[in-house]
Amino acid sequence: MASSLSQIVFFTILLLSLQQACAKKTHLHFYFHEILSGPNATLMIVINPNNNSLTFGTIVVVDDMLLEGLDDNSTLIGRSQGLGATVGRDGSLESMINFVFTEGKYNGSTLAIYGRVVLGVTIERPVIGGTGMFRMATGYSVAKPVVVSASKLVYEFDVYVWHKEMKDN
């Protein structure tokens, strides 16, 4: 019994290792621009139990810009669409977002990112899936704050993704 269990564990680890070895690794680099207020705001507070900005229990939706560069006029390559909730009394958020690529090689593909966010510090979150060119995606993202102000947030993103190499259908 113990021998067959250890064989199952061994072959499972071997299969997962082979799957990782056969996967294509892609590194993406871009800038996430979030406008916090005004007519072009890309963040909307949906529920705010304390009528106070981003306090415990607040739920937000986002439709942020993914740009090639730091400058507001750099090329738009996609959107970051999803929602977040302030789940910690310390102001930390839980975010569920999709990077929706609309230009270039990955046009029409998405990456799903999920995890904890503390504003103003480097954030690491897992990639939990994808579509299009990123089917079967796994990996992680690292977001470093570049601009943090009352009206705007800009994060520099590096995303490391392992995925099946998909041909155009």
Side-chain angles (χ1 to χ4, degrees), residues 26-161 163 166 168-169:
T26 299
H27 171 229
L28 303 168
H29 180 263
F30 51 82
Y31 291 83
F32 166 102
H33 291 245
E34 185 165 81
I35 302 169
L36 302 173
S37 59
N40 296 320
T42 60
L43 176 140
M44 175 70 64
I45 295 175
V46 178
I47 296 175
N48 192 334
N50 300 317
N51 291 325
N52 209 341
S53 159
L54 295 182
T55 58
F56 182 69
T58 301
I59 296 177
V60 300
V61 294
V62 296
D63 185 14
D64 300 315
M65 298 170 287
L66 302 179
L67 301 178
E68 279 186 347
L70 180 58
D71 185 80
D72 290 342
N73 296 316
S74 64
T75 303
L76 178 73
I77 61 166
R79 309 292 299 190
S80 173
Q81 299 172 330
L83 57 100
T86 308
V87 296
R89 294 207 176 267
D90 62 354
S92 61
L93 297 118
E94 198 72 18
S95 73
M96 295 140 280
I97 56 175
N98 283 297
F99 293 149
V100 181
F101 296 98
T102 57
E103 293 295 327
K105 180 179 180 179
Y106 305 113
N107 183 18
S109 300
T110 66
L111 285 172
I113 312 291
Y114 175 82
R116 185 171 189 264
V117 173
V118 177
L119 296 176
V121 300
T122 298
I123 304 162
E124 184 173 332
R125 289 177 286 188
V127 173
I128 60 171
T131 65
M133 295 285 287
F134 296 120
R135 288 184 194 140
M136 306 290 290
T138 185
Y140 65 97
S141 69
V142 177
K144 296 176 188 156
V146 179
V147 176
V148 178
S149 72
S151 62
K152 183 174 188 172
L153 296 174
V154 178
Y155 280 86
E156 180 179 16
F157 263 85
D158 282 293
V159 183
Y160 301 90
V161 185
H163 56 95
M166 303 306 290
D168 290 337
N169 293 340

Any salt bridge (charged side-chain N to carboxylate O under 4.0 Å, His left out) involving residues 109-118? Give me the pairs, sequence neighbours left out, ordered by first then second residue.
D90-R116
Nearest 0.5 Å please: distance from the OG1 atom of T86 over to the CG atom of L93.
4.0 Å
S109: partners by side-chain hydrogen bond (donor to acceptor under 3.5 Å, both in side chains), with sequence neighbours left out
none
Go through the structure and list residues passing side-chain hydrogen bond (donor to acceptor under 3.5 Å, both in side chains) with Y31, not counting sequence neighbours.
E156
Pairs touching residues 58-82 that satisfy ring pair (Phe, Tyr, Trp, His ring centres under 6.0 Å), sequence neighbours left out:
none
Atom pairs and distances, donor-acceptor, side-chain atoms in residues 94-101, under 3.5 Å, two or more places apart:
{"unit_1": "E94", "atom_1": "OE2", "unit_2": "Y114", "atom_2": "OH", "d": "3.0"}
{"unit_1": "S95", "atom_1": "OG", "unit_2": "G115", "atom_2": "O", "d": "3.4"}
{"unit_1": "S95", "atom_1": "OG", "unit_2": "R125", "atom_2": "NH1", "d": "2.5"}

I want to check something: taking the side chain as every heavy atom from C-beta on, are L119 and Y155 in contact at a cut-off of under 4.5 Å?
yes
Note: I113 and S141 closest approach over all heavy atoms is CG2-OG, 4.0 Å
With sequence neighbours left out, what residues match T131 under side chain to side chain contact (heavy atoms under 4.5 Å, CB included)?
T110
For the atom pair CG (L36) and CG (L153), what is the distance rounded to the nearest 0.5 Å?
4.5 Å
List in chain and number order the residues that pass side-chain hydrogen bond (donor to acceptor under 3.5 Å, both in side chains) with T26, two or more places apart in sequence or in another chain; answer none if no residue qualifies.
H163
Kindly state each residue pair satisfying salt bridge (charged side-chain N to carboxylate O under 4.0 Å, His left out) with at least one member in residues 141-153, sequence neighbours excluded.
D72-K152
Check residues 76-85 and write down every donor-acceptor pair under 3.5 Å in which the side-chain atom is one partner and the other belongs to a residue at least two apart or another chain.
{"unit_1": "R79", "atom_1": "NE", "unit_2": "D63", "atom_2": "OD1", "d": "3.0"}
{"unit_1": "R79", "atom_1": "NH2", "unit_2": "D63", "atom_2": "O", "d": "2.7"}
{"unit_1": "Q81", "atom_1": "NE2", "unit_2": "D63", "atom_2": "OD1", "d": "3.1"}

Is there a side chain to side chain contact (heavy atoms under 4.5 Å, CB included) between H33 and T42 once you walk through the steps?
CA-CA 9 Å; H33 291 245; T42 60; over 6 Å; no
Would you please name every residue forming a side-chain hydrogen bond (donor to acceptor under 3.5 Å, both in side chains) with T55, sequence neighbours left out?
N50
Is the backbone N or O of S151 less than 3.5 Å from a side-chain atom of S37, with the two atoms forming a donor-acceptor pair by type?
no
Is the backbone of L28 close enough, under 3.5 Å, to the side chain of Y160 for a donor and an acceptor to pair up by distance?
no
Exercise: identify the closest heavy-atom pair between P145 and G120
CG-O, 3.5 Å
In terms of heavy-atom contacts, L67 and D71 come closest through CD1-O, 3.7 Å
Note: F134 and V161 closest approach over all heavy atoms is CD2-CG1, 4.1 Å
Going by salt bridge (charged side-chain N to carboxylate O under 4.0 Å, His left out), name the pairs with one or both residues in residues 33-53, residues two or more places apart or in two chains.
none
Going by side chain to side chain contact (heavy atoms under 4.5 Å, CB included), name the residues that satisfy it together with P49, two or more places apart in sequence or in a different chain.
I47, T58
Rounded to the nearest 0.5 Å, the CG atom of L111 sits from the CZ atom of F157 at a distance of 11.0 Å
